[in-house]
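Quick notes on the structure that follows.
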Amino acid sequence: MLTQFIPIDYDYFDFQGRNYVKIIGRDEKSKRVCIIDSCPVFIWAVLKNNLPKEKIDKLIKKISKIQLDSKGRKTKVEKVELQEKNYLGKQVQALKIFVTNYKDLQEIASELDFKEIEKRRGHDLGFITHYIIEKKLSPLNWYEIEGEILNNSQEFGGIDMALEVNTCIKVDKIKKLEKQKEFQPKVLAYDIETDSLEIGEGEILMISLVGNKGTKKVLTWKKESSKKPNYVEYVKDEAELLEKFVEEVKKDSPDFLVGYFSDGFDLPYIKARAEKLGVKIKLGLDGTQPKFSKGTSLRAKINGIVHIDILRFIRTAYAQYMKSETLTLNEVAKEFLGDTKKPFEHRHSSDIKKIDWTEYFEYNLHDSVLTLGLFEKFWPDMLEFTKTIQEPTFDISRAGLSKYTESYILHNLEKFNEIPQRRPGYNESAERRALGGVKGAFVMDTKPGLYEDIAIFDFTSMHTSIIISHNISSSTLLDAPELKNLGYAELRKKYHESPETNEEGTKYYFTKKPGFFPTLLKEIFELRKRFKAEYVKNPNPITKARSNAFKVLSASAHGYIGFFGARYYSHEASAAILAFVRKFNKETISKVEKAGYKVIFGDTDSVGFLREGKSKQNIKKLLEKLNSELPGVMHLEQDGFFKRGLWVTTRAGTTGAKKKYAMLDEENKLKIRGFETVRRDWCQLSRKLQSKIIKDILQDGNGDKALKAVKKIIKEIKERKIPKEDLIIKTQLKKPLSEYKAQGPHVIAAKKMKEQGIPISQGGLVEYYLAETPNSKSKLVRDKVKLLHEAGQYNIEYYLNKQILPAVENIFQVFNIDIKELIEGKKQMTLGDF
DNA sequence: GGAGGTGACGTACC
DNA sequence: ACCGGTACGTCACCTCC
């Protein structure tokens, strides 16, 4: 039997003491196929240096005899091979110890307690990762599979009979297709509506299903609607609703079942209700129910169908580049799809009128439409991430940034004949954390003012290009003892020297012989460049997203090296990278100054300076000159020209504020950084006013219009004309309520919510406003806190002095105008100073 | 009981 | 715990007089 096959979902099982993978995918005719395969299981034992051959032979004999009999399994060492390998870039002799069962590798490792063995490695990858590395059957690539069809076979305990697939194949040969084909996955999005936000507390009223192959329905047992839209299907009760849901998923037969926050809400909710009602949710192709595993948060897996919680993917891969301030479906859909949720005011089902049920159905259906839309929007990225990192999409869509980097490395070690480093244990992680951080990037002091004609240069993927260009990593670091044996001339010739990493002047050295980590990073770096060029050539949301995705992957390498949980962590490497970052930033600043320009800002990888009448051609020449002096793949690029820019002082006083500026580009587009305008914990009123005056000032070059706008708002506040929604302050609850030492306003607001039965927990957004409290003498802000539905008048003094004044004061200070006097109404302002 | 410093906390920049 | 250092700003909380 020969078939084309694209692997989508990975699972594994044990049969007669051995491990097998069970991979669900599609063939060239889009039929569902399951393949079953196995691979050699082994652990590496790195030997001590210069062991005599006899000793090694003796050791091999001893190891070959190791047997385990535990957990109802007999596991043994099958064979032992002596190999020349690399470990952390150094040549070593290592024993490749083949074992019958992956699950017992840990226990086998503890049996390998021989003095000839220096280290035991390669047993903490996870069986699926190990399989993908060994057999090179990577997710979402096309393969030609040769094997034997299992048809009602007793092999593997009749596994094929229980599987809802067209074909089940026991693999013989795997060959990657030279010509990769496109893959259009079948996708089904779902969303539930319930009578409670607490998992399983209220009934599930309806479930919507929207697929990319035509499915579009709302299932419900609430037959109270005055008219039934044609996409609505009635069932008897909640139990039947759940059964019907499973049935419809099976009928649609998607590769991906997608929800929004479905790991944390929809699927756990369905599970809880199903348990209560005695219904089995047999969504898995093998008839199993969803499995929930707990890390820092819940993950819900369905065998054979990839369950995607699209929120999780967006959060890790995109949140930092998004405008959305919260990751609610509504806001994220607005940003990426230009569409929003349907308006519907949630009430308990007993409170919903006949006429409104239709609206509720529509609302429910549309949530799935949006969820599907988001999946399709991010599918190219998940596909690229999956293919690049070579871990299943289920994991990719939930993983953190360090996992992306690490998996990429693990799947590419073979090229370097490298034995994988192990994950740090609990104690090792603790030690790393105790070391503390390293000195970070340089941020230049600024001088407040309104500037004209600004040019910005910034380094392309600065940290990454530094790592690549100076061959920085844990394995290329020169050990302290070796350092002592080298003369300075030799040191400089054979090693990259870092700038001083701390006040004591510590420097680190990295060999010039290319290490596997920097080499691999270079590949990522090239991909990032390719996708960015693709985006520039063909700008559309997909090329943009992909370019961003690789930006994320490329940019997280440095964070990975400094992350205490990383296999290839290195405090020294991290310190050295940052030292280079400071050096190159400072050097660029001084070179630009030497070329005759006035530098006005610099932060980590960027430098901004005044053009002072010089042509763009001149700027370009300067850029070329600077680039010619940079090592390796380091590159400085032009980040646009700006007509005007505004820098202010800090609230406290006279120094210029860092990370806080606004600029207007040549297309009159604003770039606002750090100002209250871009901070979600300030009320809309301040944010809108501030962004208006910034815009006015940057466009006009003076503050006339801006001042009028401020006066107008002050008047409106005093006359109580401001609508409450403009006064809401939103703050996230970053930890459990009980852990707060300081009772800040948002903590008080959250406590009020709790008292009133409004769900709020860690990670939730607290919304409140500040009200007049005529009967209270308290000066504390927290005593003025009111929730939005609580009656009260907004506190005029608070909004004037704590929201409007701070948002505009420093801006007008640039023109020597004192807004405080205006607010207090003491003195009529003149515009003479403008 | 007000001034002023400090720590807790949240958010943004890169 | 799931990339991390630099920086800003508010508010509570403390000490001091």
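Quick note on labels: first sequence line is chain A, next is B, and so on, each numbered from 1.
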_Please classify the nucleic acid contact of A/K403 as base, sugar-phosphate, or nothing, using heavy-atom distances under 4.0 Å._
nothing
*Name the residue closer to the 5' end of DNA chain C, choosing between A/F563 and A/F442 according to the nucleotide with the nearest heavy atom.*
A/F563
*So what does A/H746 touch, heavy atoms closer than 4.0 Å: a base, only the sugar-phosphate, or nothing?*
sugar-phosphate
*Measure centre to centre between the rings of A/Y560 and A/Y568, then say whether the value is under 6.0 Å.*
no
*With heavy atoms under 4.0 Å as the rule, sort A/G674 into base, sugar-phosphate or nothing.*
sugar-phosphate
_With A/K671 via side chain to side chain contact (heavy atoms under 4.5 Å, CB included) - residues at least two apart_ = A/D639, A/F642, A/Y661, A/M663, A/R673
*Using a cut-off of strictly less than 4.0 Å, decide whether A/R782 has a side-chain nitrogen or oxygen near OP1 or OP2 of C/dC13.*
yes
*Just jot down the side chain to side chain donor-acceptor pair (under 3.5 Å) partners of A/K591, sequence neighbours excluded, or say none.*
A/E629
_Atom-pair distance (CZ on A/R687; P on C/dG9), nearest Å_ = 16 Å
*Could you give the start and end, 5' to 3', of the contact zone on DNA chain B for chain A, using atoms under 4.0 Å from its heavy atoms?*
B/dA8 to B/dC14
*Starting from the 5' end of DNA chain C, give me the residue, A/P806 or A/A742, whose nearest nucleotide shows up first.*
A/P806
*Look at all strands and tell whether A/V747 reaches a base, only sugar-phosphate, or nothing, counting heavy atoms closer than 4.0 Å.*
nothing
*Under 4.0 angstrom, heavy atoms only, what part of the nucleic acid is A/S556 near: base, sugar-phosphate, or nothing?*
nothing
*Under 6.0 Å from the six-membered ring centre of A/F442 and within 45° of its axis: does the NZ or CZ of A/K586 meet both?*
yes
*So what does A/F459 touch, heavy atoms closer than 4.0 Å: a base, only the sugar-phosphate, or nothing?*
nothing
*Taking the P atom of each, how far is B/dC9 from C/dC3, in whole Å?*
22 Å
_Spacing of A/L770 atom CG relative to C/dC11 atom P, expressed in whole Å_ = 8 Å
*asked:* Side chain of A/K660 only, heavy atoms from C-beta on: which candidate in C/dC3, C/dA12, C/dG9 is closest?
replied: C/dG9
*asked:* I need the CZ-P distance between A/R680 and C/dT10, as an integer number of Å.
replied: 18 Å
*Would you mind reading off the distance between A/E428 atom CD and C/dA1 atom C1', rounded to a whole angstrom?*
15 Å
_Does a side-chain N or O of A/Y798 approach OP1 or OP2 of C/dT10 to a distance below 4.0 Å, or not?_
no
*Are A/H470 and A/F580 an aromatic pair by the rule of ring centers under 6.0 Å?*
yes
*If you look at every strand shown and take non-hydrogen atoms under 4.0 Å, does A/R679 touch a base, only sugar-phosphate, or nothing?*
base
_Please pick, from C/dG9, C/dT6, C/dG4, the nucleotide with the shortest atom-to-atom distance to any side-chain atom of A/W682._
C/dG9
*Would you say a side-chain N or O of A/S402 is under 4.0 Å from OP1 or OP2 of C/dC3?*
yes
*asked:* Can you tell whether the side chains of A/K802 and A/E797 come within less than 4.0 Å, N to carboxylate O?
replied: no
*Rounded distance in Å - CD (A/E676) to P (C/dT10)*: 7 Å
_What is the separation between atom NZ on A/K802 and atom P on C/dA12, rounded to the nearest whole Å?_
9 Å
*Under 4.0 angstrom, heavy atoms only, what part of the nucleic acid is A/L780 near: base, sugar-phosphate, or nothing?*
sugar-phosphate
*Can you tell me how far P of C/dC11 sits from NZ of A/K784, to the nearest Å?*
10 Å
*Any cation-pi pair here, A/R398 with A/F394, using under 6.0 Å and within 45°?*
yes
*Determine the contact category for A/Y740: base if any of its heavy atoms lies under 4.0 Å from a base atom, sugar-phosphate if only primed atoms, P, OP1 or OP2 are that close, otherwise nothing.*
sugar-phosphate
_A/D309 with A/R299: basic N within carboxylate O range, under 4.0 Å_ = no
*Please give, in whole Å, the distance from C/dG4 P to A/I467 CD1?*
14 Å
*asked:* Looking only at the aromatic ring of each residue, does the gap between the centers of A/F601 and A/Y451 stay below 6.0 angstrom?
replied: no
